[in-house]
Amino acid sequence: MKTIRIINGPNLNLLGRREPTVYGNASFGEYLDTLRTRYPQCLIHYSQSNIEGELINMIHEAGFGNTYAGIILNAGAYTHTSIALYDAINAVETPVVEVHISNVHSREPFRHTSMISAACTGVILGFGTDSYRLAVEAILHADATETDI
Ligand code: DQA
């Protein structure tokens with residue numbers, strides 16, 4: 001059974017209450033329940049922090065060894081600023097998929113740049129919270145051959 005780690009960054013603890021027209025009405029806890037129900041074949045561990053250094057510690061902790069098949073990271077606004085997160089993602093062995101709920105490219109110009117994308121295996125954005133599910137699919141199928149797909 002594959003285990004996947006979701007790490008959410010700043011302000012994502014407010015999902016459901018924060019700018020619902022951009023981020024939706026469901027809390028992340030509610031969304032996580034539906035995601036876990038949909039993927040009984042994998043374990044999904046979740047953590048969130050508003051603090052940059054704690055996110056780095058989480059990436060270090062999840063990023064070595066065979067515990068996790070992949071990390072799904074929504075770094076929130078640190079996406080656009082954090083060289084330290086870029087370094088952390090580069091430092092670890094576990095593949096990291098960058099995720100965003102909103103289409104950052106259709107928003108303010110300061111959201112158009114990601115400091116972390118180049119260190120990530122891939123990027124999924126703009127599909128609402130379904131971006132996380134698509135990232136789960138990407139990790140689950142990462143070792144599939146073309147004939148499996
Ligand atoms: C976000 C996009 C970021 O620009 C923003 O700062 C967030 C959420 C998203 O999921 O769409 O906090 O990462």
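Both ligands and their constituent atoms are indexed starting at 1 by order of listing.
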ask   = Between Arg36 and Ile44, is there a donor-acceptor pair closer than 3.5 Å when you use the side chain of the first and the backbone of the second?
value = yes
ask   = Once the angle between the rings of His100 and His80 is folded into 0 to 90°, is it parallel (under 30°), tilted (30 to 60°) or perpendicular (over 60°)?
value = parallel
task = Decide whether the shortest distance between a heavy atom of Asn74 and an atom of ligand 1 is less than 4.0 Å.
result = yes
note = atom 5 (C) of ligand 1 sits nearest the protein heavy atom Arg111 NH1, 3.3 Å
note = The protein heavy atom nearest to atom 11 (O) of ligand 1 is Ser102 OG, 2.6 Å
Pair Glu61-Tyr68, side-chain hydrogen bond (donor to acceptor under 3.5 Å, both in side chains): steps then yes or no = CA-CA 10 Å; Glu61 181 251 313; Tyr68 294 107; 4.7 Å; no
request  = Say whether Tyr23 and Asn11, considering side chains only, have a donor N or O and an acceptor N or O under 3.5 Å apart.
outcome  = no
ask   = Leu73 versus Glu98: any side-chain heavy-atom pair under 4.5 Å?
value = no
query = Taking N or O atoms only and a 3.5 Å limit, does Thr79 qualify as a polar contact for ligand 1?
reply = no
ask   = Heavy-atom contact under 4.0 Å between Arg18 and ligand 1?
value = yes
remark   = Result for side-chain contact (heavy atoms from CB on, under 4.5 Å) between Leu125 and one of Ile101, Asn103, Asn74 points to Asn103
request  = Considering the heavy atoms of His80, write down every atom of ligand 1 situated less than 4.0 Å from one of them.
outcome  = 3 (C), 4 (O)
key: ligand 1 atoms in contact with Tyr23 (distance to a heavy atom under 4.0 Å)   = 5 (C), 7 (C), 8 (C), 9 (C), 11 (O)
ask   = Run the ring pair (Phe, Tyr, Trp, His ring centres under 6.0 Å) check on Tyr132 and Phe127 step by step: do they pass?
value = CA-CA 9 Å; Tyr132 292 91; Phe127 295 97; over 10 Å; no
remark   = atom 9 (C) of ligand 1 sits nearest the protein heavy atom Ile101 N, 3.3 Å
task = Taking atom types as modelled, find out whether Asn50 and Glu52 have a side-chain donor-acceptor pair closer than 3.5 angstrom.
result = no
query = So, is Ala77 polar-close to ligand 1, with some N/O to N/O distance under 3.5 Å?
reply = yes
task = Run the numbers for me: atoms of ligand 1, each under 4.0 Å from some heavy atom of Val104, listed by number.
result = 2 (C), 4 (O)
message = What protein heavy atom lies closest to atom 1 (C) of ligand 1? Include the residue and the distance to one decimal.
response = His100 ND1, 3.7 Å
